[in-house]
Participant: 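After the structure tokens below, expect a handful of questions from me.
Computed from a predicted model, the values in this text were never measured in an experiment. Numbers here are sequence positions counted from 1. Basis for what follows: all heavy atoms, side chains included, without hydrogens, waters or symmetry-related copies.
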Amino acid sequence: MMRNALLRSTATASAAVASSSIRPAIRFASRPVILNAQSNIQQGQRRMYHEKVIDHYENPRNVGNLPKGDQDVGTGLVGAPACGDVMKLQIRVGEDGVISEVKFKTFGCGSAIASSSYMTERVKGMTLEQAGAVKNTEIAKELCLPPVKLHCSLLAEDAIKSAIKDYQTKRAKRLSTANSPPPSLGSSPQVATA
């Protein structure tokens with residue numbers, strides 16, 4: 001009896017749509033679907049971000065740029081081709097080897113932005129060695145990232161390591177230039193004659 005009522009209502013709806021001049025966007029299936037049961041299943045399966053991710057996404061910390069050409073700034077630019085996330089993380093390092101300032105810009109999902117934001121807070125005030133030891137698992141655990149979003153925390157780990165490497169390359173180049181003797185002009189001084 002219930003089946004007949006549903007079939008009649010489906011047939012009536014199909015006739016109403018067919019009689020109108022507007023083409024239907026959805027074709028009615030030959031079997032009726034009970035929508036309430038379906039929507040309850042979908043609601044139960046829906047995933048939500050953890051409040052820490054939402055906080056870092058809505059209020060990201062340390063967003064911006066540092067001058068890339070500065071000798072005390074290291075820049076890390078990494079990306080994940082699978083999902084399209086791109087992360088730029090920059091550090092300013094003092095003479096004592098401690099990270100004094102961190103900035104980031106991220107193009108990606110909420111988890112990628114939150115991972116970047118958390119990483120900037122985490123490494124500020126650390127030495128380069130300590131910052132290089134921060135693992136993606138620590139970020140994922142702190143932000144309660146689901147397994148499908150672990151690549152976002154891995155991007156943050158890769159970004160800080162890349163920024164540290166860039167800074168160390170600049171520093172080594174600067175130190176080698178400072179320690180090398182100035183180029184000589186010749187073996188003996190020349191006297192200008194008029």
Participant: Using the side-chain contact (heavy atoms from CB on, under 4.5 Å) criterion, which residues pair with Cys83? Sequence neighbours excluded.
Facilitator: Ala80, Asp85, His151
Participant: Looking at Ser153 and Leu150, what are the two nearest heavy atoms and their distance?
Facilitator: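 Between these two residues, the closest heavy atoms are OG-O, 2.8 Å.
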Participant: Does the pair Leu128 and Ile91 meet the rule for a side-chain contact (heavy atoms from CB on, under 4.5 Å), with working shown?
Facilitator: CA-CA 10 Å; Leu128 294 176; Ile91 55 173; 4.0 Å; yes
Participant: With sequence neighbours excluded, tell me which residues meet salt bridge (Lys or Arg N to Asp or Glu O under 4.0 Å) with Arg61.
Facilitator: Asp55, Glu121
Participant: Got a second to check how far Ser117's OG is from Leu89's CG, nearest 0.5 Å?
Facilitator: 10.5 Å
Participant: Would you say Cys109 and Tyr57 make side-chain contact, with heavy atoms under 4.5 Å?
Facilitator: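 Not touching, per the 4.5 Å side-chain cut-off.
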Participant: Kindly write out the residues that satisfy salt bridge (Lys or Arg N to Asp or Glu O under 4.0 Å) with Lys52, not counting sequence neighbours, or none if the list is empty.
Facilitator: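 For Lys52, the residues satisfying salt bridge (Lys or Arg N to Asp or Glu O under 4.0 Å) (neighbours in sequence not counted) are Glu142.
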Participant: Do Val123 and Met119 have side chains that approach each other closer than 4.5 Å (heavy atoms only, starting at C-beta)?
Facilitator: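 Sidechains of Met119 and Val123: in contact.
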Participant: My understanding is that only residues two or more places apart in sequence, or in another chain, count here; which of them pass side-chain hydrogen bond (donor to acceptor under 3.5 Å, both in side chains) with Gln71?
Facilitator: none
Participant: side-chain hydrogen bond (donor to acceptor under 3.5 Å, both in side chains) with Thr127: which residues, sequence neighbours excluded?
Facilitator: Gln130
Participant: Applying the 4.5 Å side-chain criterion to the ILVMFWY set and letting contacts propagate, would Leu145 and Val78 be lumped into a single cluster?
Facilitator: no
Participant: What's in the same ILVMFWY side-chain cluster as Val98, cut-off under 4.5 Å, chained through other members?
Facilitator: none
Participant: Should side-chain heavy atoms under 4.5 Å link Ile, Leu, Val, Met, Phe, Trp and Tyr, which residues sit in the same cluster as Val73?
Facilitator: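 Members alongside Val73: Leu66.
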Participant: Would Val134 and Tyr167 show up in the same hydrophobic cluster when neighbours are defined by side-chain heavy atoms closer than 4.5 Å?
Facilitator: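 They do share one cluster, since a chain of ILVMFWY contacts under 4.5 Å joins Val134 to Tyr167.
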Participant: Applying side chain to side chain donor-acceptor pair (under 3.5 Å) as the test, list every pair that has at least one member in residues 87-113; sequence neighbours left out.
Facilitator: Asn65-Lys88, Asp70-Arg92, Asp72-Arg92, Thr75-Gln90, Arg92-Glu101, Thr106-Ser116
Participant: According to side-chain contact (heavy atoms from CB on, under 4.5 Å), who are the partners of Lys173, at least two apart in sequence or on a separate chain?
Facilitator: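 Partners of Lys173 by the side-chain contact (heavy atoms from CB on, under 4.5 Å) criterion come out as none, since no residue qualifies.
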Participant: Looking at CG of Leu155 and NZ of Lys149, how far apart are the two atoms once the value is rounded to the nearest 0.5 Å?
Facilitator: 11.0 Å
Participant: Measure the CZ-CD1 distance between Phe104 and Ile160 for me, rounded to the nearest 0.5 Å.
Facilitator: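 The CZ atom of Phe104 sits 12.5 Å away from the CD1 atom of Ile160.
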Participant: For atom NZ of Lys170, is the number of surrounding heavy atoms from other residues, nucleotides or ligands below 6.0 Å larger than 12?
Facilitator: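 Counting neighbours around NZ of Lys170, more than 12 heavy atoms of other residues, nucleotides or ligands fall under 6.0 Å, so yes.
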Participant: Check for me, please, whether Tyr118 and Met126 land in the same ILVMFWY cluster - side-chain distances under 4.5 Å, paths through other members count.
Facilitator: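 In one cluster: yes.
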Participant: Listed by chain and number, what are the side-chain contact (heavy atoms from CB on, under 4.5 Å) partners of Ala114, not counting sequence neighbours?
Facilitator: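 Scan of Ala114 (side-chain contact (heavy atoms from CB on, under 4.5 Å), adjacent residues dropped) gives Val53, His56, Leu143.
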Participant: Can you list the residues that meet the side-chain contact (heavy atoms from CB on, under 4.5 Å) rule with Leu154, with sequence neighbours excluded?
Facilitator: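 Scan of Leu154 (side-chain contact (heavy atoms from CB on, under 4.5 Å), adjacent residues dropped) gives Asn136, Glu157, Asp158.
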